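All remarks here apply to the structure that follows.
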Amino acid sequence: MMKWLKYIFLLFSVTVVSQNTIDLSFVKKSPLSVSVISGIDNFGTIYYTNNNAFYKKTPEKTTSYSNIQLGAITSTNTFNPLKINLFYKDFNTVIILDNRLAEIFKIDFNNTEPYKNVSHISTGNDNTLWIFNQDLQKLELYDYKSKTTRVATIPVTSNVLDLKSDYNFCWLLTEKFLYKYNYFGSLLMKTPNSGYTAISVSNENVVLSSDISLYYLDKKSEKMTTIKTPELLIKQFLLNNETLYIYDSKVLHEFQLKTK
């Protein structure tokens with residue numbers, strides 16, 4: 001009897017999960033061959049990297065930036081198109097570009113006092129960056145003009161996988177938990193990591209990826225919902241408002257999230 005009860009409970013659980021999904025509405029697909037997509041805005045501008053160079057491609061023209069001395073670009077952040085961040089982890093350095101991809105600021109963490117060994121960065125408000133200090137295992141809000149740390153969180157005990165932010169909040173994904181902080185460094189949310197490996201943020205909504213699927217984290221309910229995706233190789237994904245982009249290394253697929 002207990003054996004049959006287990007099967008019934010399992011079947012009921014699967015049914016509940018399968019019903020709790022978000023559908024996608026196909027919009028269009030475009031051929032694309034780049035190393036990494038950094039961002040896509042509402043005007044059709046695509047930011048990406050190729051062969052250690054950073055590109056901004058609009059419908060009218062393509063602009064690029066490269067810095068051979070700093071080598072490979074580890075990550076980029078285009079949330080603020082007037083202050084684009086390029087992170088060169090091997091040199092512990094961040095380059096900030098304007099909307100024409102002209103260099104406006106260089107932050108060499110090797111020369112900061114005290115020294116900061118940075119593993120992840122993301123855009124902050126004003127003249128700040130969210131950085132993860134690998135030696136202290138702390139998330140910090142760093143003011144690069146005054147060269148001061150405005151906020152530092154308590155240490156995080158597991159390896160960091162991803163870091164994303166907007167003007168109001170910062171999300172830190174580690175091997176054990178997903179954290180959400182405000183700009184005072186207060187912890188607003190801490191939820192177990194159930195196999196998530198990367199995140200994308202837009203308007204405080206979050207999409208997370210695992211090896212098998214994508215998931216949507218609603219900003220109001222903080223409820224995690226599986227996104228029903230077509231059978232695609234998901235090399236990268238990006239969230240922009242209610243638009244979800246999936247890149248399979250050859251084609252950029254655009255979908256509309258049906259969250260309501």
Side-chain angles (χ1 to χ4, degrees), residues 13-32 34 36-48 56-59 75-81 122-123 130 161-173 177-182 188-260:
S13 300
V14 172
T15 303
V16 170
V17 171
S18 65
Q19 289 177 344
N20 188 25
T21 59
I22 291 177
D23 291 327
L24 295 176
S25 176
F26 175 76
V27 178
K28 66 178 181 179
K29 61 181 181 179
S30 309
L32 187 67
V34 301
V36 178
I37 301 177
S38 304
I40 303 172
D41 67 18
N42 297 327
F43 305 102
T45 302
I46 301 178
Y47 302 89
Y48 61 92
K56 175 184 177 180
K57 182 179 181 181
T58 69
S75 67
T76 60
N77 191 295
T78 62
F79 173 72
N80 183 348
S122 190
T123 301
W130 284 102
L161 303 177
D162 206 352
L163 176 64
K164 292 292 188 297
S165 60
D166 58 21
Y167 289 126
N168 300 310
F169 304 102
C170 182
W171 290 262
L172 181 70
L173 180 66
F177 295 99
L178 171 65
Y179 302 87
K180 180 182 178 182
Y181 299 92
N182 64 16
L188 304 179
M189 182 192 74
K190 179 181 178 182
T191 186
N193 184 347
S194 303
Y196 312 124
T197 56
I199 58 179
S200 183
V201 173
S202 182
N203 292 332
E204 299 176 29
N205 293 312
V206 180
V207 170
L208 301 97
S209 68
S210 71
D211 291 337
I212 59 173
S213 190
L214 296 178
Y215 305 86
Y216 178 82
L217 179 63
D218 184 82
K219 63 183 176 183
K220 294 180 180 178
S221 66
E222 295 186 354
K223 178 183 177 183
M224 197 79 71
T225 308
T226 303
I227 299 174
K228 191 176 180 180
T229 58
E231 293 185 5
L232 292 172
L233 169 66
I234 304 176
K235 180 184 177 183
Q236 264 192 277
F237 66 99
L238 292 169
L239 181 65
N240 182 16
N241 296 318
E242 294 295 311
T243 301
L244 178 67
Y245 297 92
I246 297 177
Y247 182 52
D248 66 5
S249 79
K250 294 181 180 179
V251 177
L252 180 65
H253 305 262
E254 182 178 338
F255 300 94
Q256 196 74 21
L257 279 169
K258 295 182 179 180
T259 58
K260 297 179 182 179

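For this chain, numbers begin at 1 and follow the sequence in order. Quick note: numbers below take in every heavy atom, side chains included, and nothing from hydrogens, waters or symmetry partners. For clarity, every value in this text was computed on a predicted model and none was experimentally measured.
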For N42 and N240, test the side chains for any donor-to-acceptor distance below 3.5 angstrom and give the result as yes or no. yes
Are T21 and T226 linked by a side-chain donor-acceptor pair shorter than 3.5 Å? no
Quick one, N205 with L217, criterion side chain to side chain contact (heavy atoms under 4.5 Å, CB included). Give me CA distance, side-chain angles, the key distance, then yes/no. CA-CA 6 Å; N205 293 312; L217 179 63; over 6 Å; no
For [X], does the [atom1] atom sit with more than 12 other heavy atoms under 6.0 Å from it, leaving out its own atoms?
{"X": "K250", "atom1": "NZ", "answer": "no"}
{"X": "F43", "atom1": "CZ", "answer": "no"}
{"X": "K228", "atom1": "NZ", "answer": "no"}
{"X": "I212", "atom1": "CD1", "answer": "no"}

Calculate, to the nearest 0.5 Å, the distance between atoms [atom1] and [atom2] belonging to [X] and [Y] respectively.
{"X": "S202", "Y": "L238", "atom1": "OG", "atom2": "CG", "value": "10.0 Å"}
{"X": "E254", "Y": "S30", "atom1": "CD", "atom2": "OG", "value": "7.5 Å"}
{"X": "S38", "Y": "Q236", "atom1": "OG", "atom2": "CD", "value": "7.5 Å"}
{"X": "D166", "Y": "S122", "atom1": "CG", "atom2": "OG", "value": "8.5 Å"}
{"X": "L161", "Y": "I199", "atom1": "CG", "atom2": "CD1", "value": "9.5 Å"}
{"X": "K57", "Y": "Y48", "atom1": "NZ", "atom2": "OH", "value": "5.5 Å"}

Which residues pass the ring pair (Phe, Tyr, Trp, His ring centres under 6.0 Å) test with [X], sequence neighbours left out?
{"X": "W171", "result": "none"}
{"X": "F79", "result": "Y167"}
{"X": "Y245", "result": "none"}

So do [Y] and [X] actually touch side chain to side chain, heavy atoms under 4.5 Å?
{"X": "T76", "Y": "V36", "answer": "no"}
{"X": "H253", "Y": "L232", "answer": "yes"}
{"X": "N193", "Y": "L178", "answer": "no"}
{"X": "I246", "Y": "L214", "answer": "yes"}
{"X": "L32", "Y": "I37", "answer": "yes"}

Under the salt bridge (charged side-chain N to carboxylate O under 4.0 Å, His left out) rule, collect the residues that match up with K180, sequence neighbours excluded. none
Only counting residues at least two apart or in another chain, list the ones meeting salt bridge (charged side-chain N to carboxylate O under 4.0 Å, His left out) with D162. K164
Closest approach of [X] and [Y], non-hydrogen atoms and distance?
{"X": "L188", "Y": "E222", "result": "O-OE2, 4.5 Å"}
{"X": "G44", "Y": "P59", "result": "O-CD, 4.4 Å"}
{"X": "L173", "Y": "L208", "result": "CD1-CD2, 4.4 Å"}

Pairs meeting criterion ring-ring contact (aromatic ring centres under 6.0 Å, His included) with involvement of residues 201-239, two or more places apart: Y196-Y215
Between L163 and C170, is a side chain to side chain contact (heavy atoms under 4.5 Å, CB included) present by the stated rule, with each step listed? CA-CA 7 Å; L163 176 64; C170 182; 3.3 Å; yes
Determine, stepwise, if the pair T243 / Q256 fulfils side chain to side chain contact (heavy atoms under 4.5 Å, CB included). CA-CA 5 Å; T243 301; Q256 196 74 21; 3.5 Å; yes
Donor-acceptor check, side chain of S210 to backbone of S213, threshold 3.5 angstrom: yes or no? yes
Is there a side chain to side chain contact (heavy atoms under 4.5 Å, CB included) between D218 and T225 once you walk through the steps? CA-CA 8 Å; D218 184 82; T225 308; over 6 Å; no
